[in-house]
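Quantities reported herein were computed from a predicted structural model and do not represent experimental measurements.
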Amino acid sequence: MSETISLLLLSSWQTIYMVLISVFIATAFGIPLGILLLITDKGHILQNGPLNKVLGTIVNIFRSVPFIILLIALIPFTRFLVGTSIGTTAAIVPLSIAAIPFMGRLTETSLREVGRGIIEAAQAMGASPFQIITKVLVPEALPSIVSGITITTINLVGYSTMAGVIGGGGLGDLAVRYGYQRFMPDIMLYTVIILVVMVQLTQMLGDFAVRQFSRNR
Amino acid sequence: MIFIKNLTKVYHSDSGDVKALDGVNLHIKKGEIFGVIGLSGAGKSTLLRCINMLERPTSGSVEIDGVEMTSLSPNELKEMRKKIGMIFQHFNLLNSRNVRSNVAFPLEIAGVDKKTINKKVEKLLELVGLSDKANSFPSQLSGGQKQRVGIARALANDPKVLLCDEATSALDPQTTLSILNLLKDINKKLGITIVLITHEMNVIKQICHSVAVIEQSRVVEQGSLLEIFSNPKTETAKNFLKSVTLSELPEELKERIRNLDHSHLEGRIVKIGFFGEVTAEPVISTIVKKFDVDANILYGNIDHIQDTPYGMLVVELRGKNGGAVSAIEYLKALGLKVEVLENV
Ligand SMILES: Nc1ncnc2c1ncn2[C@@H]1O[C@H](COP(=O)(O)OP(=O)(O)O)[C@@H](O)[C@H]1O
Ligand SMILES: [Mg+2]
């Protein structure tokens, strides 16, 4: 029994570790990507057709590759980046790479909801593009961006269950190796329960943050 | 102050080109409130947005205080825009900021230090009468209050010009009036040149010194408010005036006039229009005495554009020995607009 518990604890920790660091990286790169996708669009503050096209295409390619394939295809890149292609830390690379374009698109959509008129008002006051991004677009879209981070996190919890393929461990791996291959249905059940709880908690935390950021709106 | 010369703007869109402005010429004097009136789609917003280059003119020139706006570099334009305030029909406030920091926003952009910003914001909120709402958020304000925030924000960097794009069109009549009075006040107190566009003659009538009428991308008429009011040349101007001058007679009055007995000698029904200092009423008593006519007032109205009274009277004149005819001549000689109503 205590062995089961320590297995569950270790796997839970691996999942949390993978997901948290990936969310952090995805947010750090995904939000700027989303901003770029928006402002380089036609008629926007830093319109740039070619750049917009290139970014859009890259994002679409990464978003259309199934994660399980991305996980394997990125092995050389992962090895180059972190020195090894197996293990929990190695799994962070494909997780982040999958989540960055996702976060980028979500952010772009959030920012697009900021009214044209508000941006124009800022332009009419002599705001620079940088000021428009930092003082208008992002603060105005913040609740929506935060809800995008929540969605990305929940997605990453799902993706992380495939990390076992490259020896990343985590709850999904535990469920497959013990629950399925060694036929231990109780472990299977526990992992599912823990995953459900993780997703619920993430959503609750996310909703709470959104409410905080959208007070008075 | 503002010289607009030969301004043309063509929008290119997938469904073809739209010429939104076609050779517009305007001169807006320093310190005046200049109104541009036109129907929806006439090109008003485009004209206003070409003044601060939110929209790049296709050709022509816009000169503000000797600065040619069309040839400014992006950085020069940013600096220039800080001296041109703008308010909008839908206010365009930042929902993430409270009133205080909405007003502080343009000052932050201009890189003003915190202490100066705080002082300035207090003053501006006082000016627009919103000191007690400093910590409210836009969602907690009424339309009129939002526009006051918009005005305070537009004034933050002490602009020389204030551009108003249908600033009262989303407001009810009473709120409209209070916002217009605020603008008038600001114009007087701060000497700011105001350019406002609207589709409502009532707005023009309340506060503008000069007017331009825009129709299908062209300015078809312009002049001082009194000129346009007393002597509109184009159909468009006349149509806009109808909404505020009540020059149409009510239907029941027309009916009454039709049924009056025209058979007696020298009966005349006249409509006397007046504008400015010569008001009609004292004149009536004069003609009664002078020409020995009976004057029966059938209908009348009087209103003011800013400080000038205007209106009209419909009077039935009865006299003997050509008295009514002479009375009419006399009224005309006084500079009143007299129209004999035979068949209404
Ligand atoms: N961004 C745009 N792209 C294409 N056509 C436009 C654009 N903005 C305005 N127009 C067109 O230009 C004309 C004038 O518009 P506008 O200046 O907004 O008129 P108003 O403010 O008098 O209602 C209209 O026919 C409108 O459809
Ligand atoms: Mg308009």
More than 12 heavy atoms from other groups under 6.0 Å of CZ on B:Phe137:
yes

For the CG atom of B:Leu107 and the CE atom of A:Met125, what is their distance to the nearest 0.5 Å?
10.0 Å

Per-residue contact mode, A:Ala141 against chain B (heavy atom under 4.5 angstrom):
neither

Pick from B:Arg153, B:Met80, B:His90: which one has the most heavy-atom pairs with chain A under 4.5 Å?
B:Arg153

If I take atom OG from residue B:Ser96 and atom NZ from residue A:Lys135, how far apart are they, to the nearest 0.5 angstrom?
11.0 Å

With a 4.5 angstrom heavy-atom cut-off, which part of A:Ser214 approaches chain B: side chain, backbone, both or neither?
neither

Looking only at A:Ala121, A:Ala122, A:Gly115, most heavy-atom pairs under 4.5 Å shared with chain B are made by A:Ala121

Considering only heavy atoms, which portion of A:Gln131 lies under 4.5 Å from any heavy atom of chain B: side chain, backbone, both, or neither?
side chain

Quick one: which of B:Lys78, B:Met86, B:Met53, B:Arg49 has the most heavy-atom pairs under 4.5 Å with chain A, could you say?
B:Lys78

Any ring-ring contact (aromatic ring centres under 6.0 Å, His included) pairs touching residues 22-75 of chain A, not counting sequence neighbours?
A:Phe67-A:Tyr159

Counting heavy atoms not belonging to A:Leu9, are there more than 12 under 6.0 Å from its CG?
yes

Okay, side chain of B:Arg81, backbone of A:Gln123: is any donor-acceptor separation there less than 3.5 Å?
yes

Bottom line for B:Leu54: the part with an atom under 4.5 Å from chain A's heavy atoms is side chain

Given that the side chain runs from C-beta out, which part of B:Leu93 has a heavy atom under 4.5 Å from chain A: side chain, backbone, both or neither?
backbone

Distance-only, no hydrogens or angles: does the B:Gln140 side chain make a donor-acceptor pair with backbone N or O of A:Asn216 under 3.5 Å?
no

Taking all atoms of both residues into account, what is the closest heavy-atom pair of B:Ile109 and A:Gly126, and its distance?
CG2-O, 3.8 Å

Where on B:Asn52 is there a heavy atom nearer than 4.5 Å to chain A: the side chain, the backbone, both, or neither?
side chain

On a heavy-atom basis, the closest approach of B:Asn92 and A:Gly117 is ND2-O, 3.1 Å

B:Glu126 atom CD: more than 12 heavy-atom contacts under 6.0 Å:
no

